[in-house]
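Here is the structure we will look at.
Computed from a predicted model, the values in this text were never measured in an experiment.
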Amino acid sequence: MDYSIKDINLYKEGKKKVKWAFQHMKVLSLLRETHSKEKIFKGTKIGCCLHITSETANLVITLKKCGADVFLCASNPLSTQDDVAAYLVKEEKISVFGKKGESKEEYYENIKNVMKRNLHFVVDDGGDLISSLHRNEKFAENIIGATEETTTGVIRLRNLAKKKLLKFPVIAVNDAKTKYLFDNRYGTGQSTVDGFLRATNILLAGKTVVICGYGWCGRGIARRFSGMGAKVIITEVNPLRALEATLDGFYVMPISEAAKLGDIFITSTGNTSVITVKEIKKMKDGVILGNAGHFNVEIDIKGIEEITKNKVKIRDGLEEYTLKDGKKIYILGEGRLLNLACAEGHPSSVMDMSFSNQFLSLKYLKENPSLPPNVYNVPSEIDMKIAELKLKSMGIKIDRLSKIQKKYISSWELGT
Ligand code: ADE
């Protein structure tokens, strides 16, 4: 068994974290219990490119207990929990490739270490493993299918499919309702505030927070910062979302105006060059900038470095940039997704739903091995089943339609 991690001696701390997380992953725990007896993934090799966290650990352990050979690499150079990686290697005997703070070269080397295994299934977060497999087709020959965890990855894969270049079927786990309505909204909302506070420890009440992007993540972030007493401004390019943000009670304006007003800026658009030197020049002294989108392209760090005369680390995850004109700005987690770079990502109970979608989507691909290459939605029965199981695990009961209601709702004759 080969691996590449920071320090295997960290495993005891990692073990405690993974067990604690599992207590909050009741749906995944049930799936593990139900499917590990039949070893439903026996004889398969699954390559995962995910944030190496305690929640991911519980997914890959579940896959292994269900019979798979699992290979795990990081989906971001700054999100790996080194103690969790150590535990997976030491006690769960899973091949892990990733260290917090790895270089770009090490990051792609680790992806290669997973990619080269003649994989049957792939679980990706952001699309880097799948796109690497498309650049090295010889490694993709045995792939039956893949799943994609996040909005950015799904967009990349749909672009690949549109160009008819996609080599195998991929299930867009991100687009399941039990994923984006909870993980993207409540998970990113809470973990972004968490990362922000761990790195800065500043009071949010009374601050003006500019959130760029009002997708599901942006909505969650806006709601949580607002709940902490911040005045929230939204910037958007989509008129529908901008309208929704307005009626949700937030200020909406272009970034050129918001730049002058904000104390804190969080990007969450999935696009590039959202905050560039042009916007920085309009900002107040002392602003704090962070990114909650998947890739570190939303804030133009390179451009900022070019107008910087001095850079100092202030705290873990927080750097002070003194610009050539004397203004100071502060950047969280090197502009990488701050909820994972400065904190531990989404809480376990929300990842429970995301990773149960991953598990059941892989099972679906295994049971349907001849799907043509395309991007598929998670079957709605899976989505509904996860919602049902999650509610049950929370001890929440709901009503059922009566006979008369079923008849009414399926008729067209009955009106006033
Ligand atoms: N993405 C966001 N939060 C995460 C977590 N806790 N584990 C894995 N992937 C994540």
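- Side-chain N/O atoms of H24 and S349 include no donor and acceptor closer than 3.5 Å.
- By the 6.0 Å contact criterion, NZ on K112 is open, its count of non-hydrogen atoms from other residues, nucleotides or ligands being 12 or less.
- Within 6.0 Å of atom OH in Y251, 12 or fewer heavy atoms from other residues, nucleotides or ligands are found, so the atom counts as exposed in its surroundings.
- The side-chain tip of K15 does not point at the ring of Y87 from less than 6.0 angstrom away and within 45° of straight on.
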Derivation and outcome, salt bridge (Lys or Arg N to Asp or Glu O under 4.0 Å), residues E257 and K260:
CA-CA 6 Å; E257 284 174 39; K260 297 178 224 154; over 6 Å; no
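- For the residue pair K179 / N174, a side-chain donor-acceptor distance below 3.5 Å is found, with atom types taken as modelled.
- A side-chain donor-acceptor contact under 3.5 Å links T56 to the backbone of H51.
- A side-chain donor-acceptor contact under 3.5 Å links K327 to the backbone of K281.
- If you check the side chains of T269 and E298, you find a donor sitting under 3.5 Å from an acceptor.
- Defined by atom type and a distance below 3.5 Å, a donor-acceptor pair is missing between the side-chain atoms of N76 and Y107.
- Within 6.0 Å of CD on Q190 lie no more than 12 heavy atoms contributed by other residues, nucleotides or ligands.
- R315 forms no cation-pi arrangement with Y330, by the criterion of a distance under 6.0 Å to the ring centre and an angle within 45° of the ring axis.
- Atom CD1 of I398 is surrounded by 12 or fewer heavy atoms from other residues, nucleotides or ligands within 6.0 Å.
- There is no side-chain donor-acceptor pair under 3.5 Å between D300 and S273.
- Between I5 and V96, the closest heavy-atom pair is CG2-O, 3.7 Å.
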Evaluate side-chain contact (heavy atoms from CB on, under 4.5 Å) for I264 paired with L204, printing each intermediate quantity in order.
CA-CA 9 Å; I264 296 161; L204 285 173; 3.8 Å; yes
Should H346 and F182 be marked as a ring pair (Phe, Tyr, Trp, His ring centres under 6.0 Å) after you check the CA-CA gap, both sets of side-chain angles, and the distance that decides it?
CA-CA 10 Å; H346 306 349; F182 303 95; over 10 Å; no
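- For F196, the ring-ring contact (aromatic ring centres under 6.0 Å, His included) partners are F225, not counting sequence neighbours.
- Put simply, the side chain of E334 does not reach to within 4.5 Å of the side chain of I301, judged on heavy atoms.
- Taken from CG in N184 to OG1 in T150, the straight-line distance is 6.0 Å, to the nearest 0.5 Å.
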Give the intermediate values and the outcome of side-chain contact (heavy atoms from CB on, under 4.5 Å) for residues V210 and I266.
CA-CA 6 Å; V210 179; I266 310 284; over 6 Å; no
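- Taken from CG in D83 to CD1 in I52, the straight-line distance is 11.5 Å, to the nearest 0.5 Å.
- Counting non-hydrogen atoms of other residues, nucleotides and ligands closer than 6.0 Å to CE of M253 gives a total above 12.
- With hydrogens and angles disregarded, no donor-acceptor distance shorter than 3.5 Å links the side chain of N113 to the backbone of F97.
- For D124 (side chain) and L129 (main-chain N/O), a donor-acceptor pair under 3.5 Å exists by modelled atom type.
- No more than 12 heavy atoms of other residues, nucleotides or ligands lie within 6.0 Å of NZ in K392, so this atom counts as exposed by the packing criterion.
- Counting only heavy atoms from C-beta outward, the side chains of V18 and N58 approach each other to under 4.5 Å.
- We find the CG-CG distance between L389 and L28 to be 11.0 Å, quoted to the nearest 0.5 Å.
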When you look at D175 and R158, which way does the salt bridge (Lys or Arg N to Asp or Glu O under 4.0 Å) test go after all the steps?
CA-CA 12 Å; D175 295 358; R158 287 200 199 281; 2.7 Å; yes
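- In this structure, the separation between OH on Y321 and CD on E319 is 5.0 Å, given to the nearest 0.5 Å.
- Using modelled atom types, no side-chain atom of K390 and backbone atom of V27 make a donor-acceptor pair closer than 3.5 Å.
- Side-chain atoms of N374 never come within 3.5 Å of backbone atoms of Y376 as a donor-acceptor pair (strictly under, hydrogens ignored).
- Panel note: side chain D352, backbone S348; no donor-acceptor pair is recorded below 3.5 Å.
- You'll find the side chain of E149 reaches within 4.5 Å of the side chain of Q358, heavy atoms only.
- Side chains of T308 and E305: no donor on one and acceptor on the other come within 3.5 Å.
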Decide yes or no on side chain to side chain donor-acceptor pair (under 3.5 Å) for N357 and T178, but give the supporting numbers first.
CA-CA 8 Å; N357 270 296; T178 46; 2.9 Å; yes
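- Side-chain atoms of D263 do not come within 3.5 Å of backbone N or O of V287 as any donor-acceptor pair.
- At distances below 3.5 Å, at least one donor-acceptor pair connects side-chain atoms of T44 with backbone N or O atoms of F41.
- Between E344 and Q81 there is a side-chain heavy-atom pair separated by less than 4.5 Å.
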Give the intermediate values and the outcome of side chain to side chain donor-acceptor pair (under 3.5 Å) for residues E102 and N110.
CA-CA 10 Å; E102 64 198 15; N110 288 335; 3.0 Å; yes
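- Between the side chain of R117 and the backbone N or O of F71 there is no donor-acceptor pair closer than 3.5 Å.
- Summarising the local packing, NZ of K282 is surrounded by more than 12 heavy atoms from other residues, nucleotides or ligands at distances under 6.0 Å.
- For K12, the NZ atom is loosely surrounded, since the number of other residues' heavy atoms within 6.0 Å does not exceed 12.
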Start with the C-alpha distance between F168 and H120, add both sets of side-chain angles, then the distance that settles ring pair (Phe, Tyr, Trp, His ring centres under 6.0 Å), and finish with yes or no.
CA-CA 11 Å; F168 40 78; H120 300 107; over 10 Å; no
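- Under 3.5 Å, the side chains of T192 and N339 contain no donor-acceptor pair of N or O atoms.
- Rounded to the nearest 0.5 angstrom, L338 CG and N291 CG are separated by 7.0 Å.
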